[in-house]
Amino acid sequence: RSGLKLPLISLGFWYNFGGLDSFENGRAIARRAFDMGVTHFDLANNYGPPPGSAEETFGQLMKKDFHPYRDELIISTKAGYDMWPGPYGEWGSRKYLLASLDQSLKRMGLDYVDIFSSHRPDLETPMEETMSALDSAVRQGKALYVGISSYSPDQTREAAKILRQMGTPCLIHQPSYNMFDRWVENGLLNVLEQEGLGAIVFSPLAQGQLTDRYLNGIPAGARATKTDRVWLTPDDINSNIDKIRKLNDLAQKRGQKLSQMALAWVLRKPQVTSALIGASSVKQLDENLAAINNLSFSKAELDKIEAVLKS
């Protein structure tokens, strides 16, 4: 329940915008995304690598390209994961969240972000403290809206209640959601609908599994071969490859690439406001954005997808 409209597909800066990545490649992706109507750029304090460098990259992009369009952009950042040494460099304390936001604004060269979120729940910090930090960010003029990420259904309900009582309603929840990771269907989507929160789902392509990248094996340089940040392993690919190939056949019958069908599939849920994608090239970005050209599914198509996923 908000007047803020988000694009069906948002661009995430988790990968490909760090200090170790090509600045000009990231620049081309971000510029193309904006030109194609992607008005939401999603960051977090620890995105890189190294941590913080994605925000620094965005700060350069803001200065070089996007400064005239600040009021046409939704820029979000988050705090919750390990960012600096000592007991105040992660989780959900008021000290960490507000210090992190100040650092993020400095790296990005911004006076405020549009959305500031708690990146993960913290069982050792009272929910009231974490939510009061988000509320303070808005009251200090450093954020326009607040959100949460990866909170369980019960935690989401509690966070929404506390923020509503404070007068700063929770705008958005950012959970993982894709054909292979459907935890949000077990209660969270219902809570979001009841509480009036939108969902920006991350990893809609299951770290690249739901693309044509792995149909014929694991290519050199693919994410599944990397060892620095292990979110996808060769075992994941091998265990899912039969399903991936069957899903690819279904996508082709729809006149889509597998990645496009996978994005349309998460967007089929009315509670899902936006699907958050990454991109390593402008070509890949364009392919993913084309998903919005065919978002409808027949019951037969959904049944076939369900049968593959349960096989």
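Quick note: numbers below take in every heavy atom, side chains included, and nothing from hydrogens, waters or symmetry partners.
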For Asn16 and Ala279, indicate whether the former's side chain and the latter's backbone hold a donor-acceptor pair under 3.5 Å.
yes

Contacts of type side chain to side chain contact (heavy atoms under 4.5 Å, CB included), residue Thr39, not counting sequence neighbours:
Pro7

Thinking salt bridges, do Asp242 and Lys246 make one under a 4.0 Å N-O criterion?
no

Minimum side-chain heavy-atom gap Trp183-Leu188 below 4.5 Å:
yes

In terms of heavy-atom contacts, Ala137 and Phe116 come closest through CB-CD2, 4.0 Å

Distance alone, cut at 3.5 Å: any donor-acceptor contact between the side chains of Ser132 and Asp135?
no

SB check Arg182 Glu306 (cutoff 4.0 Å):
yes

Does the side chain of Asn45 come under 3.5 Å of the side chain of Tyr96 through a donor N or O and an acceptor N or O?
yes

Could you pull out every donor-acceptor pair under 3.5 Å between side chains of residues 101-108 and any protein atom, sequence neighbours left out?
{"unit_1": "Asp102", "atom_1": "OD1", "unit_2": "Lys142", "atom_2": "NZ", "d": "2.8"}
{"unit_1": "Ser104", "atom_1": "OG", "unit_2": "Glu55", "atom_2": "OE1", "d": "3.1"}
{"unit_1": "Ser104", "atom_1": "OG", "unit_2": "Glu55", "atom_2": "OE2", "d": "2.9"}
{"unit_1": "Ser104", "atom_1": "OG", "unit_2": "Ser100", "atom_2": "O", "d": "3.2"}
{"unit_1": "Arg107", "atom_1": "NE", "unit_2": "Glu55", "atom_2": "OE1", "d": "2.8"}
{"unit_1": "Arg107", "atom_1": "NH2", "unit_2": "Glu55", "atom_2": "OE1", "d": "2.9"}

Using the six-membered ring of Tyr151, assess whether NZ or CZ of Arg120 lies under 6.0 Å from its centre and within 45 degrees of the ring axis.
no

For residues Gln155 and Leu123, determine if any side-chain heavy atom of one lies less than 4.5 Å from a side-chain heavy atom of the other.
yes

Between Gln174 and Asp42, does any side-chain donor sit less than 3.5 Å from a side-chain acceptor?
yes

Would you compute the distance between atom CG of Leu263 and atom CG of Leu295 and round it to the nearest 0.5 angstrom?
9.0 Å

Once rounded to the nearest 0.5 Å, what's the spacing between atom CD1 of Ile277 and atom OG of Ser10?
8.5 Å

Arg27/Glu24 ion pair, N-O < 4.0 Å
yes

Side chain to side chain, Asp154 and Val191, heavy atoms closer than 4.5 Å
no

Between CD1 on residue Ile148 and CG on residue Leu134, distance to nearest 0.5 Å
9.0 Å

Hey, mind stepping through Leu258 and Leu205 against side chain to side chain contact (heavy atoms under 4.5 Å, CB included) and telling me if it holds?
CA-CA 9 Å; Leu258 174 55; Leu205 302 181; over 6 Å; no

Between Glu128 (side chain) and Ile162 (backbone), is there a donor-acceptor pair under 3.5 Å?
no

Looking at Phe41 versus Phe13, is the centre-to-centre ring distance below 6.0 Å?
yes

Thr130 and Thr125: side-chain donor and acceptor closer than 3.5 Å?
no

Report, as yes or no, whether the 6.0 Å neighbourhood of atom CG on Asp181 holds more than 12 heavy atoms from other residues, nucleotides or ligands.
yes

Scan side-chain atoms only and decide if Ser203 and Asn178 contain a donor-acceptor pair under the 3.5 Å cut-off.
no

Test salt bridge (charged side-chain N to carboxylate O under 4.0 Å, His left out) on Arg268 and Glu185 and set out the steps.
CA-CA 12 Å; Arg268 84 197 189 285; Glu185 296 177 3; 3.5 Å; yes

For the CG atom on Asn293, are there more than 12 heavy atoms of other groups (residues, nucleotides or ligands in this structure) within a distance under 6.0 Å?
yes

My understanding is that only residues two or more places apart in sequence, or in another chain, count here; which of them pass side chain to side chain contact (heavy atoms under 4.5 Å, CB included) with Arg70?
Met62, Leu73, Ile75, Leu110, Tyr112, Asp114

Audit row: Val138, Leu144, side chain to side chain contact (heavy atoms under 4.5 Å, CB included) steps and yes/no
CA-CA 6 Å; Val138 171; Leu144 299 184; over 6 Å; no

Apply side chain to side chain contact (heavy atoms under 4.5 Å, CB included) to Phe180 and Leu210, showing your working.
CA-CA 9 Å; Phe180 297 151; Leu210 294 169; 3.8 Å; yes

Decide if atom NZ of Lys243 counts as having more than 12 heavy atoms of other residues, nucleotides or ligands within a radius under 6.0 Å.
yes

Does the distance from a Lys or Arg side-chain N to an Asp or Glu carboxylate O, for Glu195 and Arg1, drop under 4.0 Å?
no

Do Arg31 and Asp35 sit within salt-bridge range, that is, some charged N less than 4.0 Å from a carboxylate O?
no

Applying side chain to side chain contact (heavy atoms under 4.5 Å, CB included), name anything that partners Asp82, two or more places apart in sequence or on another chain.
Glu90

Residue pair Asn288, Thr211: steps toward the side chain to side chain contact (heavy atoms under 4.5 Å, CB included) verdict:
CA-CA 10 Å; Asn288 289 339; Thr211 70; 5.8 Å; no

Side-chain (Asn25) to main-chain (Ser280) donor-acceptor, under 3.5 angstrom
yes

Please check this pair: side chain of Ser53 against backbone of Gly18, looking for a donor-acceptor N/O pair closer than 3.5 Å.
no

Ser136: which of Met131, Met166, Arg94 passes side chain to side chain contact (heavy atoms under 4.5 Å, CB included)
Arg94

So the ring pair (Phe, Tyr, Trp, His ring centres under 6.0 Å) pairs with at least one residue in residues 252-301 (sequence neighbours excluded) are Tyr177-Trp265

Output yes when Lys161 and Glu158 qualify as a salt bridge under the 4.0 Å nitrogen-oxygen rule, no when they do not.
no

Please determine whether ring-ring contact (aromatic ring centres under 6.0 Å, His included) holds for the pair Tyr69 and Phe34, giving the CA-CA distance in whole Å, both sets of side-chain angles, and the decisive distance to 0.1 Å.
CA-CA 10 Å; Tyr69 308 103; Phe34 182 65; 5.4 Å; yes

Are Leu247 and Ile244 side-chain neighbours, meaning at least one heavy-atom pair lies under 4.5 Å?
no

Minimum side-chain heavy-atom gap Ser76-His40 below 4.5 Å:
yes

Just jot down the ring pair (Phe, Tyr, Trp, His ring centres under 6.0 Å) partners of Phe23, sequence neighbours excluded, or say none.
none

